[in-house]
Amino acid sequence: MRDGSLGSIHSWELVTAVDGPGTRMTVFLNGCPLRCLYCHNPDTFLMRDGEPVEASELLRRMRRYRGVFRASKGGITLSGGEVLMQPAFAGRLLAGAKKMGIHTCIDTSGYLGANCTDDMLDNIDLVLLDVKSGNEETYKKVTGRELAPTIAFGDRLAARGIEIWVRFVLVPGLTDDPVNVENVAGIIEQWGSSVTRVEVLPFHQMGADKWTSLGLNYRLRETSPPDPELVESTRAIFRSHGFTVH
């Protein structure tokens, strides 16, 4: 695993218009330093819980779908867990995909952005960057970690002109304060034209059963999904800053 020829993954799947443009092969890597209260993949928290797989095997699978990617303007997305928990493995997959002419994307919190080398950035076309809060207190409450590394990673991406789709999970009573949303908008506004899209993702309960089966304490069990009016008013805040919002 040190040289990236072997990694730990949860699963992979072909999806359309979910994890980037077109039809994509999304690979879910195991291991994450955050403990987001609303995580719907808690079974990816620990690297040791994943299945060992060789990078060469995943690259063979990517090659098999090159025609699909080309026809749909899709590609591969490395997700998790947190992809940057396994930077050497991710780096091999990204470099191999680029050599095949495949569009590449990573889905990350940015918390481990320091693990992403400049060589890796050279092989990334798009980053789905999860900005989970606009202030330190809420970010810590949501994730158990600090906000600053995410901002620093976004700054690096913007400086290199790498396309960013920002993702923000809207949780009633946790992240929905308009001041918090304005703070998120203010942070990502600094990244200028690199941010081509903002996705407001309504909180859901689809991961609750996984927490239970893993014997973990799920603290948002009584939290309801946001109503359509709250989702729209949140999207309107981002639109007021000039962003294309979904």
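Values below: all heavy atoms of this structure, side chains included; hydrogens, waters and symmetry mates excluded.
L37 and V184 fall into different hydrophobic clusters, where Ile, Leu, Val, Met, Phe, Trp and Tyr residues are linked whenever their side-chain heavy atoms come under 4.5 Å apart, directly or through other members. Linking Ile, Leu, Val, Met, Phe, Trp and Tyr whenever their side-chain heavy atoms come within less than 4.5 Å puts L59 and V53 in one cluster. Cluster annotation: L34 and L147 are assigned to the same hydrophobic cluster (Ile/Leu/Val/Met/Phe/Trp/Tyr, side-chain heavy-atom contacts under 4.5 Å, transitive). Linking Ile, Leu, Val, Met, Phe, Trp and Tyr whenever their side-chain heavy atoms come within less than 4.5 Å puts W12 and F89 in one cluster. Residues V127 and V131 fall within the same hydrophobic cluster, defined by Ile, Leu, Val, Met, Phe, Trp and Tyr side chains chained together at heavy-atom separations under 4.5 Å.
Distance alone, capped at 3.5 Å, places no donor-acceptor pair between the T143 side chain and the R35 backbone. Not a single donor-acceptor pair under 3.5 Å links the side chain of E82 to the backbone N or O of T108. For T23 (side chain) and S72 (main-chain N/O), no donor-acceptor pair under 3.5 Å exists by modelled atom type. Although no hydrogens or angles enter the test, the distance criterion places no donor-acceptor pair under 3.5 Å between the side chain of R197 and the main chain of V245. With hydrogens and angles ignored, the 3.5 Å screen pairs a side-chain donor or acceptor of D227 with a backbone N or O of E229. Under the 3.5 Å distance criterion, the side-chain polar atoms of S133 are left unmatched by any main-chain donor or acceptor of K140. No side-chain donor-acceptor contact under 3.5 Å links T138 to the backbone of N135. A distance-only check finds a donor-acceptor pair linking the side chain of N180 to the backbone of G134 [under 3.5 Å]. The backbone N or O of E54 lies less than 3.5 Å from no partner atom in the side chain of R92, so there is not a single donor-acceptor pair. A donor-acceptor pair under 3.5 Å is absent between the side-chain atoms of T77 and the main chain of I106, judged by distance alone.
A heavy-atom distance below 4.5 Å is not found between the side chains of M47 and D49. Annotation: side chain of V166 is in contact with side chain of W191 (closest heavy-atom distance under 4.5 Å). At least one side-chain heavy atom of N41 sits less than 4.5 Å from a side-chain heavy atom of K210. The closest side-chain heavy-atom distance from M100 to M62 is below 4.5 Å. Between M85 and N30, the closest side-chain pair of non-hydrogen atoms is not below 4.5 Å. When side chains are defined from C-beta on, T44 does not count as touching L29, because their heavy atoms never get closer than 4.5 Å. Using a 4.5 Å heavy-atom cutoff, the side chains of K73 and P21 are not in contact. With a 4.5 Å cut-off on side-chain heavy atoms, D122 and D119 count as touching.
Y218 and Q205 share a side-chain donor-acceptor pair at under 3.5 Å. Remark: the H246 side chain and the R235 side chain contain no N/O donor-acceptor pair separated by less than 3.5 Å. Judged by distance alone, the side chains of Y139 and T150 do bring a donor and an acceptor atom under 3.5 Å apart. Checked by atom type, the side-chain pair T196/E163 shows a donor-acceptor distance below 3.5 Å.
W165 belongs to a hydrophobic cluster with L126, L128, counting contacts under 4.5 Å between side-chain heavy atoms of Ile, Leu, Val, Met, Phe, Trp and Tyr, direct or through other members.
In terms of heavy-atom proximity, C116 sits nearest to I124 at SG-CD1, 4.1 Å. Considering every non-hydrogen atom in both L230 and P172, the closest pair reads CD2-CG, 4.3 Å. Annotation for P42 and H40: closest pair CD-C, 3.3 Å, computed over non-hydrogen atoms. For the pair Y38 and V142, the tightest heavy-atom approach, listed with the atom from each and the gap, is CE2-CG1, 3.5 Å. Across every non-hydrogen atom of L78 and L93, the tightest pair is CD2-CD1, 3.9 Å.
Every side chain to side chain contact (heavy atoms under 4.5 Å, CB included) that P87 has, sequence neighbours left out, goes to N115, M120.
Put simply, OG on S194 and CG on L157 are 7.5 Å apart, with the number rounded to the nearest 0.5 Å.
One finds a salt bridge joining R167 and D19 here, because a Lys/Arg side-chain nitrogen approaches an Asp/Glu carboxylate oxygen to under 4.0 Å.
Enclosure of atom CZ in R221 by more than 12 non-hydrogen atoms of other residues, nucleotides or ligands within 6.0 angstrom is indicated.
The aromatic rings of H241 and F243 sit parallel, their planes meeting at an angle under 30°, below the 60° perpendicular limit.
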